[in-house]
Each structure stands twice: as C-alpha cells, then as structure tokens.
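So that the names make sense, note that chain A is the first sequence line, chain B the second, and so on, each numbered from 1.
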2 protein chains.
Amino acid sequence: MRADARKNYDQLLAAAREIVARDGAGASMRDIARQAGVGFGTMYRHFPTREALLEALLRTGFDAMAARADDLEASSAPDEALVTWLRETIAAAHAYRGVTASMIAAIEDPRSALHGSCVAMRSAGARLLAQAQAAGLARNDIDGTDLFAFVGALAWLADQPALAPRTDRLAGIIVEAILMRDLRNPGVMPSEPSSPVDG
Amino acid sequence: MRADARKNYDQLLAAAREIVARDGAGASMRDIARQAGVGFGTMYRHFPTREALLEALLRTGFDAMAARADDLEASSAPDEALVTWLRETIAAAHAYRGVTASMIAAIEDPRSALHGSCVAMRSAGARLLAQAQAAGLARNDIDGTDLFAFVGALAWLADQPALAPRTDRLAGIIVEAILMRDLRNPGVMPSEPSSPVDG
DNA sequence: ACCTGAACACCGTTCAAGT
DNA sequence: ACCTGAACACCGTTCAAGT
C-alpha cells in the first residue's frame, strides 16, 4: 500500500468515526469524504460499500470487547464477569449510534465484511455465559445469540434520547432475569440468604 | 373537505400503508405519492412532514391498542391482561417496520403529531401495569414508560431478520421478570400449584 | 497505483402555474 | 380550493480522465 493511499485510508477512518458519532450509521458518505479531504472515488476505492466502512470502524471495538471477555473470564466470578461485559458492550455499541442493526444483520451473512467481528464477539459473550451457566449462576435456556439480541435491544434503547436515562436500570432487570437473581426489594441486599440453593 | 381531496387523502394513506410495510419508516415519499397516483405537492399539502403521514398511519393502530387494554382489563386477570397486551402491542408495532423509534421520540415532544397517540398508548399500558402491581402480580419498580421501552426494544428485535424468530421467547423472559414469575424449568407446566394465591 | 470530480439516477421539498 | 410537476439542493455511486 502506497504511502499516500495509507494516509487517505487513515483519514477516512478518522472522519468516519467523527461523522458517524454525530449523524449515526446513516451518515452522509459525501460528508465523510469531505471531512477526510478526499475525493468520493478514493473513498469508494478503499471502502466499496457503506458496510465496509462501518466494518473497519467497528472491528477495533469488537475485537476489544472479545479480548475484554477473556480478561474478565480470568479475573472475575462468572456472574460478575458476565454483568460487567454486558454493560461495557452495550456502552461500546452505543458509541456507534445506529450500527447495531447492521451488526446483527451481519451475524448470519457470511459474505458481510462485519461477519467475522460479529461472530467473534458473540463467541466471547457465549463463553462468559457458558461459564456462568456451568457455575449454576445463569439460566440454561438462553444462548450466545440471545445474549447478543439483548445487547442489541439495550443498545437500541440507549440510542433513543427519551429512554436513554432508563437503559441502565432496564439492563439491570434483564441481567437479573439472566442470572436468576431476585433483587426486587431495593432495600434488601443479596447477602441475605433468602433463596434455597440446594442441588 | 372537498370530495376529490378526501379521495386523495385516503389513497395516500392506503399507499403509505403498503409502501411502509414493504420499505419501513424510511420509505421513499415519492414512491408513496406515485403509488397513490397523486402529485408530490398534493401529498405535502395533506401531510406536510413524513412524521405527519406516519402519524395518520399509526393513530388507528395505537387507538386500537389503547381500546384493547380496556377490554383486557375488564375480561382477564391482571397478569394475563398485561401479558396479552404486551404481545399484541409488540406484534402491532412490528407491522410498521422501523417506526418504533419515531414513536418513542414523539412521546416526549408535545409538538409532534404522534404525541397524543403515543401518550394514550403508554397510559393504556400503564393502567394494566398498575392493576397487576396492585394485585401483587408485577414488580413495583417499573412504570408505564419502562413498559413502553420494553415494547420498543422487543419490536426492534422483531424487525431484525436474524433475531425475529427468538423475539417471542425473549419477550417471555422479560415478561417473567416483570411478573416476578419463575418459569425457568421448561418441563414444568404452570398448572402445577406452586405459587400461593391467597388474597 | 492511485486520485479526482463530472455525470447519472435518485431523493425530499417548494412553489409558480394551472383547474 | 385544490392539484400538478418543473426546479432546487441534496444524496449514493460510477467511471473516464488524469498524475
């Protein structure tokens, strides 16, 4: 890759990060090329489709969340690892407004440029879920794709200005349901031995 | 309203229903006008904004769901009323692909044409929730807007082809969490008298 | 090799001209 | 009163012409 091409590539990615954060996944391609100081044709040479551009933009973040899952798996209890990973992943997805739909469409389309990153992230979450399930800390009737679906739905909530402030609390309710916890009484701490945990 | 204007209005609405069902909330306005056999100007005379058109399209459905809440409140146990209403409302929202976001944005914008219908529907759901809460059948730490948020998130799930088949099951998990039920063992039917139902 | 922008076929929206 | 479509400023995308 020639030096000028490399520079254009980097500038396009930087511009895309800025414009997509401002205007969402449907941002104007022309705006991105303009912001990068590059001709439209150059942009299409580097990224033949909008999805290819989003892919390059998201791969870094996705790979980071997959790696984060590994760290959490090693350092935390299975349930806490899962909770932390879910919260951070929702927050990360929210950083790219509106991309969640493309992300989810990519997971079952092997031809999509986003496919690899999506599958890797789903696997990372699925591993954490399996750990929690093996420890008897999470319900057994959901899988990694269900987890992915919840992340997507909650990231979508975070994208709605009217609902964003409630996202954390609603995520908490879903996490409770996944972890089979019962935290309904706000005054009672989970340290109280209220549930029968016999095998 | 003149007879020809009335006819154009109705044809625009019918065309919008068809095109929006096919292409979602971002459907081409020109397509709708063309499908209706009406000039662009005529369309903008009747519906000055895209939101105004969506509003007219959705108001009927929203009002129906509000009325449905009244029926259910009168005819069913509070928890079953809430479950049924949630499922039907998610299905109804899904019939208008992608409009959920506009619907939710409208709820806190009194100037939006959708505002009235949204608030009415939220109130209907909130009433069912309050009934279930009063009967001790639903958790007390959520309100009508939370319910609305769950409906939106689940309708969004139903809009994603890759996740649509799981929507019902995931809705069930959320409903369980709202109703404080524990149906985690798939083999056990709820007919088993496991919960104390004394009043 | 790589870059560029005129060119094409669209889009949402407006408004002068029609009946 | 109401309808219409040319006109404007955009958009995504391509491709012949340049270096």
Open item on the list: Applying side-chain contact (heavy atoms from CB on, under 4.5 Å), can you list everything that pairs with A:A77, at least two apart in sequence or on another chain?
Closed with: A:D79

TODO: Please work out which residues in residues 8-21 of chain B have a non-hydrogen atom less than 4.0 Å from an atom of DNA chain D and list them by number.
DONE: B:N8

Open item on the list: Measuring to OP1 and OP2 of D:dC2, would you say a side-chain N or O of B:H46 lies under 4.0 angstrom away?
Closed with: no

Open item on the list: What does the B/S/- profile of nucleotides 9-19 of chain D look like, 5' to 3', with a 4.0 Å heavy-atom cutoff to protein?
Closed with: --BBBBB----

Open item on the list: Closer than 3.5 angstrom, by distance alone: can the side chain of B:D109 be matched with the main-chain N or O of B:A106 as a donor-acceptor pair?
Closed with: no

- [ ] Verify the distance criterion only: is there a donor paired with an acceptor across the side chains of B:D159 and B:H94 at less than 3.5 Å?
- [x] yes

Open item on the list: Looking at every non-hydrogen atom in both residues, tell me the closest pair between B:A153 and A:L157 and how far apart they are.
Closed with: CB-CG, 4.1 Å

Task: Among A:L53, A:I32, A:L54, A:L57, the one residue meeting side-chain contact (heavy atoms from CB on, under 4.5 Å) with A:F47 - done: A:L53

- [ ] Grab the CZ-C1' distance between A:R6 and C:dA1 for me, whole Å please.
- [x] 16 Å

Task: Selection residues 119-137 of chain B - residue pairs positive for salt bridge (charged side-chain N to carboxylate O under 4.0 Å, His left out), sequence neighbours left out - done: B:D70-B:R127, B:E73-B:R127

- [ ] First locate atom CG of B:L129, then atom CG of B:L82, and finally report the distance between them rounded to the nearest 0.5 Å.
- [x] 6.0 Å

Open item on the list: Using only atom types and a distance under 3.5 Å, with no angle test, would you say the side chain of A:R169 pairs donor to acceptor with the backbone of B:D141?
Closed with: yes

Task: Those residues that, when tested against A:F150, pass ring pair (Phe, Tyr, Trp, His ring centres under 6.0 Å) (two or more places apart) - done: none

Open item on the list: Counting runs of three or more consecutive pairs, Watson-Crick or G-U wobble, with each distance below 3.5 Å, where are the stems of DNA chain D?
Closed with: C:4-8 with D:12-16, C:12-16 with D:4-8

- [ ] Please step through side-chain contact (heavy atoms from CB on, under 4.5 Å) for the pair A:D31 and A:R34, ending with a clear verdict.
- [x] CA-CA 5 Å; A:D31 271 4; A:R34 273 190 291 261; 2.9 Å; yes

